[in-house]
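Have a look at the structure below before the remarks.
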Amino acid sequence: MASLASPSLLSSLTRSRTGRVSVSVLSYSCCASRSFRRGAKCNAYSIVANRRVFLGFGALFVDQIVTMASGSGGVGRSFVASARPRQGVSPVEQILKDVEWPEQYPFKDEDFSLFDESPDSIFYSEPRFVTHIDDPAIRALTDYYSKVFPPSNTPGVAMLDLCSSWVSHFPAGYKQERVVGMGMNEAELKKNPVLTEYIVQDLNVNPKLPFEDNSFDVITNVVSVDYLTKPIEVFKEMQRVLKPSGLAIMSFSNRLFFTKAVSIWTSTGDVDHAWIVGSYFHYAGGFEPPAAVDISPNPGRSDPMYIVYSRKQLSA
């Protein structure tokens, strides 16, 4: 299934590396519908002037990205040229292995601009009791959770579901003493059966998490990391409220509210997205090296599903 932003930045760069790197300043807007609902798939694109691709990246950083993608200093093939490489290993699972991160945080504020800059509180004011990925992707995510979550009803375990809604996709019957949901719509949060408590908060306005240090064993975020306009602030807060060795799981697909996703996300593809989320962990500090997992159940036939995860360092 095609990404919402194709071709990806990495793909276009590695195809044309000739000693100098040039990036066409193009972007894409979904023209299938003017009224987006979350989960809509976009199969048609139009090029929109003045919507930059990775505007914040300088030439040195671009060159580092090319080198990373190729695995050497010379010309290399892109990891994102096709849905899966010939070896049968997902490129998403390769992109965060042995990463040499740029010394400085590579993004600028404009990389997190939105097509629709109106307040998120208006956009999310009406509840949406729908699922935002298809059933096979939901089952894949739930199955992944069942393998990595602490056993149900483990004494002292606390969970935090960021950007939560009326469903968290936890395994059936899963319970813990404390499961907190943070989201934008109270009606949706009230309907979520796994939550023991909830907080309505716009992380793009206030990324500060209202919890004590070392409060949670697991933090989840389902198909919403692409909406964070202050991701480093949020990830630093995640690191603060996680218990030592606590697990943070960011899951994403290629379905989204296009007008509310940050520019760096809508301008790139699935493998790039894994690198971007991994960079949030890295530059926030205090996390183990992030890793990516491709849990897509039926590549090309149903929604893709990806995980980027990390743990809080024991010494942090």
Would you check if the side chain of [X] reaches a backbone N or O of [Y] as a donor-acceptor pair within less than 3.5 Å?
X      : Y      : value
Ser267 : Ile264 : no
Ser152 : Lys175 : yes
His169 : Leu141 : no
His273 : Thr268 : yes
Arg311 : Ser245 : yes
Arg240 : Phe211 : yes
Ser215 : Glu212 : yes
Thr142 : Ala140 : no
Gln176 : Thr154 : yes
Asp226 : Trp265 : no

Nearest 0.5 Å, what's the [atom1]-[atom2] distance between [X] and [Y]?
X      : Y      : atom1 : atom2 : value
Gln201 : Asn206 : CD    : CG    : 4.5 Å
Leu160 : Asn221 : CG    : CG    : 9.5 Å
Met184 : Leu203 : CE    : CG    : 8.5 Å
Ile219 : Lys312 : CD1   : NZ    : 9.0 Å
Lys260 : Thr229 : NZ    : OG1   : 9.5 Å
Ile295 : Arg139 : CD1   : CZ    : 12.5 Å

Would you call Lys147-Asp143 a salt bridge at under 4.0 Å N-O?
yes
I'd like to know if Glu233 pairs up with Lys236 as an ion pair, taking the criterion as any Lys NZ or Arg NE/NH1/NH2 lying under 4.0 Å from an Asp or Glu carboxylate oxygen.
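Salt bridge absent between Glu233 and Lys236.
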What's the shortest heavy-atom distance between [X] and [Y], and which atoms?
X      : Y      : answer
Asp294 : Glu93  : N-OE2, 2.9 Å
Lys243 : Asn214 : CG-O, 3.4 Å
Ser165 : Glu188 : OG-OE1, 2.8 Å

Is there a donor-acceptor contact under 3.5 Å linking the side chains of [X] and [Y]?
X      : Y      : result
Asp161 : Thr220 : yes
Ser168 : Asn192 : yes
Ser253 : Asp303 : no

Give the cluster check for Val205 versus Leu228: same hydrophobic cluster or not, with ILVMFWY residues linked at side-chain heavy-atom distances below 4.5 Å.
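No, no single cluster joins them.
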Is any side-chain heavy atom of Trp275 less than 4.5 Å from a side-chain heavy atom of Trp101?
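Yes, side chains in contact.
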Using 30° and 60° as the class boundaries, would you call the ring planes of [X] and [Y] parallel, tilted or perpendicular?
X      : Y      : answer
Phe287 : Phe281 : perpendicular
Tyr306 : Phe252 : tilted
Tyr283 : Tyr105 : perpendicular

Could you walk me through whether Val308 and Tyr280 satisfy the side-chain contact (heavy atoms from CB on, under 4.5 Å) test, starting with their C-alpha distance in whole Å, then the side-chain angles of each, then the deciding distance to 0.1 Å, before giving a yes or no?
CA-CA 10 Å; Val308 175; Tyr280 296 163; over 6 Å; no
